[in-house]
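Since the structure comes first, as structure tokens, the remarks are kept for the end.
The figures here come from the full heavy-atom set of this structure, side chains too, leaving out hydrogens, waters and symmetry mates.
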Amino acid sequence: MNPSNSRSLSAARVGWRVVAVVSGALVVSACAVSDVSSSDGSGVFAVQAAATGESPEEPVSAGVAPVIATNPAPSGQGETGTAAASNAPPSARPGEVPQPIVSRGQELFTKYCALCHGDEGDGGGKFAYLMNPRPRNFQQGNFKLSTTENQIPADDDLFRTISNGMPGSAMPPWGHLPKADIEALVGYVRQIHVDATEAALRTAVAKGTIKENELPDALALRAAPGAALVVPPEPPFDELRWFRGRRLYLENCAHCHGADGEPVAANVKYDAEGYPVPPRSFVQGIFKGGAQGHQLYARIWKGMKGTPMPASEGVYTGDQMWDIIHYVQSLTRQGAQERAQLKQGTFVAPRVRGPLPSGPMDMAWEQARPLYVGLTPLWWQDERIEGLVVSAVHNGEELAIRLSWIDPTPDDRAVKQAEFRDAVAIQFSLSSDPPFYMGDPGQHGGVNIWMWKADRQTNVLAGYQDVDAAFPDRAIDQYPEQDYRLVDMSVTDWPHQPITRHDPEFITAWGAGNLVADPNLKTPVECLVARGPGTLAGKPSAAQVVQGQAVYERGLWYVQLRRSMALPHDHEHGQGGESDERVFRPGDYLPVSFAIWNGSTGDRDGKKNISIWQKLVIE
């Protein structure tokens with residue numbers, strides 16, 4: 001085969017290069033990778049084995065069972081991972097990237113990634129403490145998703161992970177970024193790993209552990225991607241293979257992942273950094289590197305670096321591997337992987353004549369254009385809110401938004417220590433290109449948040465839920481600031497009076513203007529603003545201009561939020577003369593994101609389910 005020969009694929013020129021021959025199967029990679037995409041837009045194509053006598057110079061359709069799957073042109077819009085990667089021969093210093101690309105990658109990393117992964121890529125970002133699994137420490141190089149023999153990811157692996165995110169964790173997808181920006185991030189992430197590895201080796205040279213002339217080879221060994229992983233052909237699945245797969249699974253996997261695919265709680269293990277890592281639930285059907293056969297093959301065969309998931313290389317035959325994979329796939333919930341894959345979408349607020357819907361169950365909402373938005377918990381748990389449906393309408397004067405989601409248990413009180421409320425929030429960015437979360441301190445970098453809380457809904461409709469509501473039989477006392485008095489001390493059964501009968505000066509949180517303790521609040525929605533991590537602040541009661549109402553019916557919450565499109569005159573200017581609330585105008589195309597708190601699972605504060613940025617169009 002002449003490596004210079006090429007064939008056309010989706011109007012692009014692809015060159016094939018032989019990397020190795022293993023057990024009669026050709027491992028190949030593609031040249032000119034930046035110009036190639038598959039006909040279905042997935043960026044994945046299959047190569048048949050030389051052992052069959054067919055030439056690997058001609059790409060075959062995705063429907064043909066592959067010996068090797070490779071991805072010559074990573075695409076943020078395509079499949080989540082492959083089982084082989086293309087690699088260029090390592091240079092003297094692995095990961096050497098042109099300085100302009102490194103600079104661009106660093107700029108993007110600071111804006112989108114440092115919040116979780118840390119400014120230095122050490123996994124210690126400001127929000128890292130909220131997340132489990134923890135953000136990856138790129139300096140250590142324990143990358144979970146790779147398709148190389150030495151588990152150092154190829155550029156294609158990093159591109160796929162950044163583009164698609166990691167379902168089953170808080171790592172979001174960035175496939176909506178331009179391809180050149182994702183490639184710059186790939187280069188910068190690799191640079192972090194190479195720089196840290198080189199620094200550790202130079203320390204070893206200074207200590208005399210290795211010699212100076214051994215450093216280049218040692219660096220290549222620790223930081224350069226290895227040969228592509230070979231995945232044997234996937235056989236058909238039948239009852240006999242299911243039986244064999246179940247036997248192998250029970251013998252080798254069930255002690256952690258459970259006999260029925262639900263993990264054994266007592267077998268929580270720890271990762272390389274000492275954090276607990278519960279085994280993956282196969283019944284939930286969500287896999288960080290994808291649920292397709294060749295993706296699972298790479299995870300099982302090579303293990304997941306830095307995690308308790310061990311390698312099975314050399315333990316099973318190819319047929320046995322496929323039997324285990326097919327059995328694991330038979331346990332999963334249909335569609336779970338696809339729903340867990342966060343996507344960026346657009347929903348439109350059409351202009352309607354006359355009044356807006358009177359509430360979340362108004363039939364007028366049936367005329368809206370809904371969008372399903374997937375969510376992921378920051379602290380991963382299988383019992384979570386998977387997503388919500390959002391709709392919006394406006395009449396030129398006011399904007400109304402309806403949110404609905406499945407929640408088996410309504411949690412509408414948060415008085416006792418172990419009680420947590422259900423809640424939902426919309427985050428509006430004041431910028432057209434916001435960072436990952438909570439805004440930034442730059443000009444127009446703020447975010448405006450509307451947060452509906454179920455307990456406040458109860459407060460508005462049924463009266464303020466104080467300790468009397470949670471403990472109706474408690475003993476009470478008489479205080480001098482109350483506006484009522486008993487006849488004499490012979491009365492022992494003192495009446496339970498509402499908190500509004502007290503003087504706010506003596507109910508200190510209420511007296512200080514804390515909205516949480518205000519029994520006279522008229523809306524269940526709180527307006528908040530932020531300009532970066534740690535800056536979230538509520539607005540005073542006089543500035544709570546968003547109205548809301550909710551209905552819980554047959555296991556679903558329906559919440560309607562409503563506000564004037566323009567701001568009242570006294571809200572037009574915030575700190576420094578710049579408004580800290582979003583003004584809405586017909587023709588706007590603005591970023592919004594969502595968060596849901598599920599009280600029954602203990603969600604509160606930063607423990608929540610979040611979306612990535614979506615787009616709202618106001619007609």
- Task: For the pair H257 (side chain) and E262 (backbone), establish whether a donor and an acceptor sit closer than 3.5 Å, ignoring hydrogens and angles.
- Result: no
- Query: Within a radius of less than 6.0 Å around OH of Y372, do more than 12 heavy atoms belonging to other residues, nucleotides or ligands occur?
  - Reply: yes
- Item | Check: W613 and S429 side chains under 4.5 Å, non-hydrogen atoms | yes
- Sequence neighbours left out, what passes side chain to side chain donor-acceptor pair (under 3.5 Å) with W597? Give chain and number order. none
- Task: Among D407, D455, D605, D412, find the residue that satisfies the salt bridge (charged side-chain N to carboxylate O under 4.0 Å, His left out) test when tested with R421.
- Result: D455
- Message: Ignoring hydrogens, what is the shortest heavy-atom contact between P533 and F127? Give both atom names and the distance.
- Response: CB-CE2, 3.7 Å
- Note on the structure: Contacts of R384 meeting salt bridge (Lys or Arg N to Asp or Glu O under 4.0 Å) (sequence neighbours excluded), chain-then-number -> none
- Backbone of E338 reached by a side-chain donor or acceptor of K343 within 3.5 Å: yes
- Task: Please work out which of the three classes, parallel, tilted or perpendicular, describes the rings of F138 and F143, given edges at 30° and 60°.
- Result: parallel
- Measure from NZ or CZ of K126 to the centre of the six-membered ring of Y437, then state whether that distance is under 6.0 Å and the direction lies within 45° of the axis. no
- Validation row: T376, N609 side chains within 4.5 angstrom (heavy atoms): no
- When rounded to the nearest 0.5 angstrom, what distance separates CE in M309 from SG in C256? 9.0 Å
- Compute whether any side-chain donor of one residue and acceptor of the other, for Q465 and T458, lie under 3.5 angstrom apart. no
Could you go through residues 391-400 and list every donor-acceptor pair under 3.5 Å that involves a side-chain atom there, pairing it with any protein atom two or more places apart or in another chain?
| residue | atom | partner | partner atom | Å |
| --- | --- | --- | --- | --- |
| H394 | ND1 | G396 | N | 3.0 |
| H394 | NE2 | E619 | O | 2.5 |
| N395 | OD1 | E397 | N | 2.9 |
| N395 | OD1 | E398 | N | 2.8 |
| N395 | ND2 | G354 | O | 3.4 |
| E398 | OE1 | R562 | NE | 3.1 |
| E398 | OE1 | R562 | NH2 | 2.8 |

- Message: Please find the pair of heavy atoms, one from G374 and one from S611, that lie closest to each other, and give the distance.
- Response: O-CB, 3.6 Å
- Distance-only donor-acceptor check, side chains Q457 and W452, under 3.5 Å: yes
- Give a yes or no answer on whether the side chain of D271 reaches the backbone of T307 with a donor-acceptor pair at less than 3.5 Å. no
- Go through the structure and list residues passing side chain to side chain donor-acceptor pair (under 3.5 Å) with N520, not counting sequence neighbours. none
- Message: Just so I know, are the side chains of K615 and L590 near enough to count as touching, which here means a heavy-atom distance under 4.5 Å?
- Response: no
- Taking D468 for the side chain and P472 for the main chain, is one N or O donor matched with an acceptor at less than 3.5 Å? no
- Gap between atom OG1 of T346 and atom CG of L616 - 0.5 Å precision: 9.0 Å
- Counterpart residues, side-chain contact (heavy atoms from CB on, under 4.5 Å), relative to T601 (two or more places apart): Q381, E383, N598, D603, K607
- Side chain to side chain, I449 and I426, heavy atoms closer than 4.5 Å: no
- On a heavy-atom basis, the closest approach of Y249 and G258 is OH-O, 2.6 Å
- Message: Tell me whether the count of non-hydrogen atoms from other residues, nucleotides or ligands lying under 6.0 Å of CD in E120 goes above 12.
- Response: no
- Message: Tell me whether R333 is salt-bridged to E386, with the criterion being a basic N under 4.0 Å from an acidic carboxylate O.
- Response: yes
- Query: Taking NZ, NE, NH1 and NH2 as the nitrogens, is one of them in K539 or E526 under 4.0 Å from a carboxylate oxygen of the other?
  - Reply: no
- Working for side-chain contact (heavy atoms from CB on, under 4.5 Å), residues L556 and V551: CA-CA 8 Å; L556 277 82; V551 172; over 6 Å; no
- Side-chain touch P435/L115, heavy atoms, less than 4.5 angstrom: no
- Message: Assess whether a salt bridge exists between E273 and R134, defined as any Lys/Arg side-chain N lying under 4.0 Å from an Asp/Glu carboxylate O.
- Response: no
- Item | S281 side chain vs Q284 backbone, donor-acceptor pair below 3.5 Å | yes
- Distance in Å, R136 CZ paired with C116 SG, rounded so as to fall on 0.5 Å steps: 13.0 Å
- Query: Atom NE2 of H176 and atom CD1 of I612: how far apart are they, to the nearest 0.5 Å?
  - Reply: 6.0 Å
- Message: Please find the pair of heavy atoms, one from V264 and one from H255, that lie closest to each other, and give the distance.
- Response: CG2-O, 3.7 Å
- Find out whether T535 and M438 are in side-chain contact, i.e. whether some heavy atom of one side chain is under 4.5 Å from a heavy atom of the other. no
- Query: Is there a donor-acceptor pair under 3.5 Å between the side chain of R339 and the backbone N or O of Q341?
  - Reply: no
- Could you tell me whether R604 sits above the aromatic face of F420, with NZ or CZ closer than 6.0 angstrom to the six-membered ring centre and within 45 degrees of the axis? yes
- Item | Nearest heavy-atom neighbours spanning D466 and V415 | O-CG1, 3.8 Å
- Between the CG atom in L378 and the OG atom in S169, the distance rounded to the nearest 0.5 Å is 10.0 Å
- Task: Check salt bridge (Lys or Arg N to Asp or Glu O under 4.0 Å) between D433 and all other residues, then give those that pass, not counting sequence neighbours.
- Result: K111
- Would you check if there is a donor-acceptor pair between the side chains of Q544 and T523 at a distance under 3.5 Å? no
- Side-chain contact test, heavy atoms from C-beta onward, threshold under 4.5 Å: evaluate it for V424 versus W557 and give yes or no. no
- Query: Is there a side-chain contact between V390 and R402 (heavy atoms, below 4.5 Å)?
  - Reply: no
- Message: Main chain of V592, side chain of Q614: is a donor-acceptor contact present, judged purely on distance under 3.5 Å?
- Response: no
- Query: Side chain of D588, backbone of R585: donor and acceptor closer than 3.5 Å?
  - Reply: yes
- Query: What about W450 and F428, are their ring centers closer than 6.0 Å?
  - Reply: yes
- Going from CG on N459 to CZ on R413, what distance comes out if it is rounded to the nearest 0.5 angstrom? 11.0 Å
- Query: Got a sec: does the CG of L461 have more than 12 other heavy atoms crowding it under 6.0 Å?
  - Reply: yes
- Donor-acceptor pair, side chain of Q329 and main chain of A291, under 3.5 angstrom: yes
- Return the minimal non-hydrogen interatomic distance between A423 and M451, and the atom names on each side. CB-CE, 3.9 Å
